[in-house]
S.K.: 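Pasting in a structure now, in structure tokens, and then I'll have a few things to ask.
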Amino acid sequence: MTGIHGRRGPLQDGDTVQLTDPKGRMHTITLRTGAAFHTHRGSLSHDDLIGAPEGSVVTSGSGTAYVALRPLLADFTLSMKRGATIVYPKDAAQIVAQADIFPGARVIEAGAGSGSLSCWLLRAVGEEGRVFSYERRADFAEIARTNVERYFGTEHPAWSLTVGDLATDLVETDVDRVVLDMLAPWECLDSVAKALVPGGLVCVYVATTTQVSSTVEAMREHGSFFEPHAWETMVRNWHVEGLAVRPDHRMIGHTGFLVTARRLAEGVRPPERRRRPAKAASAQQARASDTGQSAPSAGSSRPSGQEAPPEEATSTAAHGGDGDVPASAG
Ligand SMILES: C[S@@+](CC[C@H](N)C(=O)[O-])C[C@H]1O[C@@H](n2cnc3c(N)ncnc32)[C@H](O)[C@@H]1O
């Protein structure tokens with residue numbers, strides 16, 4: 001099977017190619033000698049593309065021009081067959097960066113779902129790394145396997161896919177990273193803590209605020225993880241044409257939230273968390289901050305619920321500087 005990953009040079013028989021028409025509509029085809037691509041705008045011979053450089057423009061019988069390019073991984077994951085909802089490219093990019101997925105890393109992933117994140121993780125760890133994916137639904141695991149093999153063209157040497165429940169069936173140890181995309185990640189924290197090396201990192205992707213809360217509180221309660229960090233990413237595309245330079249009217253408003261935390265050394269408990277209210281904050285604000293509630297912000301230029309920044313720069317600035325200071329950060 002010809003994969004998509006790493007293909008370069010002139011287009012060849014068996015290559016997956018995206019044809020984009022003048023309105024930006026994309027058609028994905030697999031090149032076959034002697035075959036034709038038919039649309040209501042006439043047909044195109046695959047032979048016109050085979051041997052041509054990527055980025056060529058080909059014209060259909062009715063004169064419509066198509067740009068021919070091999071799909072990027074982002075294109076592939078957005079258009080591949082789905083069982084479960086996929087991790088979108090913007091979140092996959094955050095996961096690879098913020099979960100620090102490095103070449104050669106040993107990574108556990110659950111659930112594999114449709115295999116979108118598996119592709120991103122495999123590309124990041126490379127052939128020297130390992131991605132151990134778990135998926136409890138056999139039908140989804142099959143979809144994930146087909147997608148991963150379609151992208152890489154063959155079985156990826158770094159990949160293993162287990163049909164099973166991560167909470168009960170996880171066998172690997174000494175892993176550097178664990179990435180969870182599932183309904184109830186807090187149910188897997190025991191297994192995750194056993195599998196991770198000290199200093200290893202768990203990254204959780206969840207869709208709702210209640211899941212964020214359950215995840216973070218369960219991590220704190222578990223005691224094996226250093227203070228979790230939660231965030232989300234929004235991407236706004238821009239329309240750029242002459243003087244009309246502005247954000248697009250439409251955007252993806254929400255995909256999910258990410259939570260990361262580091263594994264503490266065996267037997268070590270996290271230092272007690274201490275909050276330092278901003279100097280200017282009223283006693284009421286300080287109390288609200290301690291209970292995690294938002295305080296009224298009379299006279300403040302900040303929206304209600306947003307704390308004033310801490311007086312001094314602290315190591316928490318990298319996580320948004322919301323004034324939380326671990327008891328012994330150093
Ligand atoms: C949203 S999907 C994952 C999508 C995947 N990240 C992707 O990009 O294609 C969530 C998957 O987690 C699986 N799942 C839920 N809990 C699990 C568990 N404890 N162990 C293994 N798989 C689990 C579900 O069956 C489902 O397929």
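Order of listing sets the numbers, starting from 1, for every ligand and every atom in it. Values in this document were obtained by computation on a predicted structure and should not be read as measured data. Along the sequence shown, residues carry numbers from 1.
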S.K.: Identify the protein heavy atom lying closest to atom 19 (N) of ligand 1, giving its residue, its atom name and the separation to 0.1 Å.
M.R.: D165 OD1, 2.8 Å
S.K.: Under a 4.0 angstrom heavy-atom cut-off, which atoms of ligand 1 come close to S116?
M.R.: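 It comes down to these atoms of ligand 1: 7 (C), 8 (O), 9 (O).
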S.K.: Provide, to 0.1 Å, the distance between atom 12 (O) of ligand 1 and the closest protein heavy atom, together with that atom's residue and name.
M.R.: G111 CA, 3.4 Å
S.K.: Does atom CZ of R250 have more than 12 heavy-atom neighbours, drawn from other residues, nucleotides or ligands, at distances under 6.0 Å?
M.R.: no
S.K.: Any salt bridge linking R106 with D176? Criterion: basic side-chain nitrogen under 4.0 Å from a carboxylate oxygen.
M.R.: no
S.K.: Report the nearest protein non-hydrogen atom to atom 26 (C) of ligand 1: residue, atom name, distance rounded to 0.1 Å.
M.R.: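 Result: E135 OE1, 3.6 Å.
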S.K.: Which residue and atom name correspond to the protein heavy atom nearest atom 6 (N) of ligand 1, and how close is it?
M.R.: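 The protein heavy atom lying closest is D181 OD2, 2.8 Å.
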S.K.: Which heavy atom of the protein is the closest neighbour of atom 9 (O) of ligand 1, given with residue, atom name and distance?
M.R.: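 It is S114 N, 3.0 Å.
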S.K.: Which is closest to atom 16 (N) of ligand 1 by heavy-atom distance: R136, E109, R82?
M.R.: R136
S.K.: In plain terms, say whether E266 and R263 are close enough for a salt bridge, that is, a side-chain N and a carboxylate O under 4.0 Å apart.
M.R.: yes
S.K.: Once you measure the plane-to-plane angle for F225 and H222, does it fall in the parallel (<30°), tilted (30-60°) or perpendicular (>60°) bin?
M.R.: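 F225 vs H222 ring planes: tilted.
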S.K.: Of the protein's non-hydrogen atoms, which lies at the shortest distance from atom 21 (C) of ligand 1, and what is that distance?
M.R.: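 Looking at atom 21 (C) of ligand 1, the protein heavy atom closest to it is G164 O, 3.4 Å.
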S.K.: Can you tell me which residue and heavy atom of the protein come closest to atom 20 (N) of ligand 1, and the distance to 0.1 Å?
M.R.: L166 N, 3.0 Å
S.K.: Determine, considering heavy atoms only, which of T85, V87, I86 sits nearest to atom 4 (C) of ligand 1.
M.R.: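 Looking at heavy atoms only, the winner is T85.
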S.K.: Could you tell me whether the side chains of K194 and T173 share a donor-acceptor contact shorter than 3.5 Å?
M.R.: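 There is no such pair between these side chains.
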S.K.: Parallel, tilted or perpendicular: which fits the ring planes of Y66 and H27, with parallel below 30° and perpendicular above 60°?
M.R.: perpendicular
S.K.: With M80, which of S116, P71, C119 fulfils side-chain contact (heavy atoms from CB on, under 4.5 Å)?
M.R.: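 So the option named by the test is S116.
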S.K.: What I want to check is whether the side chains of S118 and E109 have a donor and an acceptor closer together than 3.5 Å.
M.R.: yes
S.K.: Please identify which atoms of ligand 1 are closer than 4.0 Å to at least one heavy atom of G115.
M.R.: 9 (O)
S.K.: Within the 4.0 Å heavy-atom shell around A112, which atoms of ligand 1 are there?
M.R.: 5 (C), 7 (C), 9 (O)
S.K.: Identify, by atom number and element, the atoms of ligand 1 in contact range of A84, meaning under 4.0 Å from any of its heavy atoms.
M.R.: 2 (S), 27 (O)
S.K.: Strictly by modelled atom types, are Y88 and Q94 linked by a side-chain donor-acceptor pair under 3.5 Å?
M.R.: no
